[in-house]
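Residues: numbered from 1 along the sequence shown.
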Amino acid sequence: MALELRQQLKLSQQLVMTPQLQQAIKLLQLSRLELMETVQQELLENPLLEEVLVEDERPAPTIAEDSHSPDATTDEGAMQRELLKTAEWDDYIGDFASTSRQATVREYEAPEEGFSFEARLTSKTSLEGHLSWQINLSEFTQQERAVADAIVGNLDHMGYFRSSLEEIAQETGADEPLVESVLYRLQRFDPVGVAARSPQECLLVQLEVYGYTDPILLEIVREHLEDLEKKRYKPLAKKFKLSLEDIKQYLDIIQSLDPMPGSHFSSSEPVYVNPDAFVYKYGDDFVIVLNEDGLPKLQLSPYYMEDMSRSSTGSDKDYLQDKMRSAQWLMKSLYQRQRTLFKVLESIVKFQRGFFEHGVTKLKPLILKDVADDIGMHESTVSRITTSKYVATPHGIYELKFFFNSSLELDDGTSVGSESVKALIKQLIATEDSKKTISDEQIAEILKQKLQVNIARRTVAKYRMAMGIESSSKRKEIL
């Protein structure tokens with residue numbers, strides 16, 4: 001069989017992800033903060049893109065039509081004129097609200113008088129800085145101060161000493177007894193118990209500083225913290241020949257101590273959520289308003305558009321046209337993002353009206369496909385637009401993913417949302433008697449009586465652990 005070369009025509013279709021399409025998909029899944037950073041970055045990089053200020057009342061840019069200009073008779077000139085006709089981008093966010101749009105005025109905060117900028121700033125004190133301040137105020141020799149600094153440098157975020165005396169001695173050139181004495185002094189600094197090597201040592205130092213000398217209390221802390229953690233009170237009472245009331249008094253003392261003395265100096269700061277939309281109840285209906293605060297309104301720069309109309313050839317015009325198309329696509333993508341978010345929220349409010357009326361206990365089962373079919377979009381689009389997006393409701397701020405939950409079958413053939421079941425479990429545990437806690441099996445029976453839902457004990461335990469709630473034995477207090 002001879003080999004030969006042949007040419008063959010083949011017609012096929014394939015989906016090509018253009019850079020513009022990739023940008024539009026990326027904008028869908030960005031959080032509010034990430035979106036603002038992306039827009040600000042585009043404002044810096046694209047000269048044809050600028051922010052519209054409220055007080056800016058300049059007329060829309062126009063291109064002078066010249067019968068002698070080659071652009072007036074080409075498709076490129078027609079595209080520019082069509083773009084300028086339809087580029088009313090200043091309303092691309094304000095259009096998406098259930099209420100009629102009203103004129104808004106940007107409020108600027110008046111600068112404070114009489115204070116420098118540095119005077120308004122402060123930093124949170126770190127554990128290392130707090131201890132170094134006390135070291136400098138104490139009577140340490142130069143070598144002891146070096147050892148103390150080395151110990152402080154080996155503390156974790158909870159304030160525990162995570163190195164060894166041998167390593168500190170080798171690092172500073174001191175002997176181990178000196179390192180031990182410096183460590184002893186540091187453990188009695190504020191916060192008391194810092195630089196401890198174990199929870200037992202941390203609590204024992206605090207008991208010493210606070211003047212507790214009861215040998216039974218010291219023995220419980222030294223040898224039986226695990227028994228207290230697992231609430232094995234009766235064996236402790238039997239070993240020390242005490243009543244449960246006496247054990248409870250010792251437990252109250254131990255619970256007044258701080259097993260993590262360095263946690264108060266943690267550098268982590270709380271993260272505040274700025275919702276992407278608000279849902280208000282107005283009469284018998286719910287109103288959706290997208291959050292416009294911080295999102296700049298964009299327009300094409302009149303200066304560069306006029307300059308582009310005057311330029312007929314050259315690399316400058318090609319550059320401006322490329323940036324114009326990029327700016328146009330960004331504004332259209334932002335418009336589409338807000339439009340999609342609004343439509344998804346409308347669908348969620350329609351499906352989960354019971355939640356917006358009465359709270360979490362009325363949350364219904366919902367999947368992405370239900371919303372996607374309702375608004376005529378793909379499930380992946382709904383998944384992206386609900387990622388890292390938050391909505392302020394009459395019952396608090398929730399992530400959009402929260403409204404999508406699995407279902408549990410009821411005896412009458414209907415279903416109930418898993419989040420509603422979790423809310424009832426949390427409510428039952430919150431109202432239980434701390435001296436007679438409810439087991440998972442009893443919770444399952446109560447749910448079957450209240451909701452007529454068939455739920456297994458292991459499912460109750462799974463939901464309870466997902467909410468960070470301990471078992472009934474660990475929730476039980478001493479009688």
Side-chain angles (χ1 to χ4, degrees), residues 17-54 56 58 60-61 79-80 82-99 101-104 106 273-278 288-302 304-305 320-348 371-372 375-378 380-392 399-400:
M17 292 285 288
T18 62
Q20 291 83 3
L21 183 57
Q22 293 178 9
Q23 182 191 49
I25 293 175
K26 179 183 177 181
L27 290 179
L28 283 178
Q29 58 191 11
L30 291 181
S31 65
R32 180 177 173 79
L33 181 60
E34 292 170 340
L35 178 66
M36 289 190 291
E37 291 178 352
T38 301
V39 173
Q40 291 296 334
Q41 186 65 27
E42 288 293 330
L43 284 171
L44 291 175
E45 296 178 355
N46 195 335
L48 266 78
L49 201 61
E50 68 178 19
E51 182 178 356
V52 180
L53 302 180
V54 175
D56 191 356
R58 292 177 294 181
M79 182 189 70
Q80 293 176 5
E82 180 64 23
L83 172 64
L84 293 176
K85 258 192 264 182
T86 59
E88 297 177 356
W89 304 106
D90 56 324
D91 294 333
Y92 74 91
I93 294 181
D95 288 341
F96 299 109
S98 301
T99 57
R101 186 176 183 274
Q102 299 178 352
T104 58
R106 177 175 296 180
V273 174
N274 192 4
D276 297 82
F278 301 89
I288 301 172
V289 179
L290 296 187
N291 190 0
E292 303 178 8
D293 186 28
L295 293 176
K297 296 177 175 60
L298 305 178
Q299 71 174 7
L300 297 176
S301 173
Y304 285 102
M305 293 301 294
L320 291 175
Q321 287 177 348
D322 181 65
K323 290 300 182 181
M324 180 191 68
R325 286 189 292 268
S326 177
Q328 176 191 14
W329 188 265
L330 175 64
M331 291 188 288
K332 284 185 178 180
S333 300
L334 290 173
Y335 179 90
Q336 183 66 28
R337 179 187 185 273
Q338 297 300 97
R339 178 173 175 267
T340 304
L341 179 59
F342 184 79
K343 291 176 67 175
V344 169
L345 275 172
E346 274 190 325
S347 181
I348 290 176
V371 174
I375 63 178
M377 294 184 177
H378 196 269
S380 61
T381 303
V382 178
S383 177
R384 289 187 179 97
I385 199 63
T386 53
T387 301
S388 302
K389 311 295 189 305
Y390 294 85
V391 57
E399 189 178 7
L400 293 187

Validation row: E45, S326 side chains within 4.5 angstrom (heavy atoms): no

Pair L295-V39, side chain to side chain contact (heavy atoms under 4.5 Å, CB included): steps then yes or no: CA-CA 8 Å; L295 293 176; V39 173; 5.8 Å; no

Donor-acceptor contact below 3.5 Å, side chain T386 vs main chain V382: yes

Sequence-distant partners of S383, side-chain hydrogen bond (donor to acceptor under 3.5 Å, both in side chains), two or more places apart: K401

Pairwise distance CZ(R325) to CG(L320) - rounded to 0.5 angstrom: 10.5 Å

Check against side chain to side chain contact (heavy atoms under 4.5 Å, CB included), R339 and Y335: CA-CA 6 Å; R339 178 173 175 267; Y335 179 90; 4.2 Å; yes

Any K297 side-chain heavy atom under 4.5 Å of E292 side chain: yes

Step-by-step side chain to side chain contact (heavy atoms under 4.5 Å, CB included) determination, R384 to K26: CA-CA 9 Å; R384 289 187 179 97; K26 179 183 177 181; over 6 Å; no

Gap between atom CG of L35 and atom CD of Q29 - 0.5 Å precision: 12.0 Å

Separation between CG of L27 and CD of E34, rounded to the nearest 0.5 Å: 11.0 Å

Residues in side-chain hydrogen bond (donor to acceptor under 3.5 Å, both in side chains) contact with S347, at least two apart in sequence or another chain: D374

Partners meeting side-chain contact (heavy atoms from CB on, under 4.5 Å) with K323 (sequence neighbours left out): N46, P47, L48, Y319

Separation between CD1 of I348 and NZ of K343, rounded to the nearest 0.5 Å: 13.5 Å

T381 side chain vs M377 backbone, donor-acceptor pair below 3.5 Å: no

Identified side-chain contact (heavy atoms from CB on, under 4.5 Å) counterpart of I385 within the set V371, L345, V344: V344

pair V52-L298: side-chain heavy atoms closer than 4.5 Å: no

Closest heavy-atom pair and its distance - A392, P275: N-CB, 3.9 Å

Stepwise side chain to side chain contact (heavy atoms under 4.5 Å, CB included) check, K389 with E399: CA-CA 6 Å; K389 311 295 189 305; E399 189 178 7; 6.0 Å; no

Point-to-point distance, once rounded to the nearest 0.5 Å, from OG1 of T38 to CG of L43: 11.0 Å

Counterpart residues, side-chain contact (heavy atoms from CB on, under 4.5 Å), relative to S388 (two or more places apart): S31

Pair E37-Q41, side-chain donor/acceptor within less than 3.5 Å: no

Value rounded to 0.5 Å, distance of CG in L28 from CG in L30: 8.5 Å

All side-chain hydrogen bond (donor to acceptor under 3.5 Å, both in side chains) counterparts of N274, not counting sequence neighbours: N291

Heavy-atom side-chain contact between F342 and L290 under 4.5 Å: yes

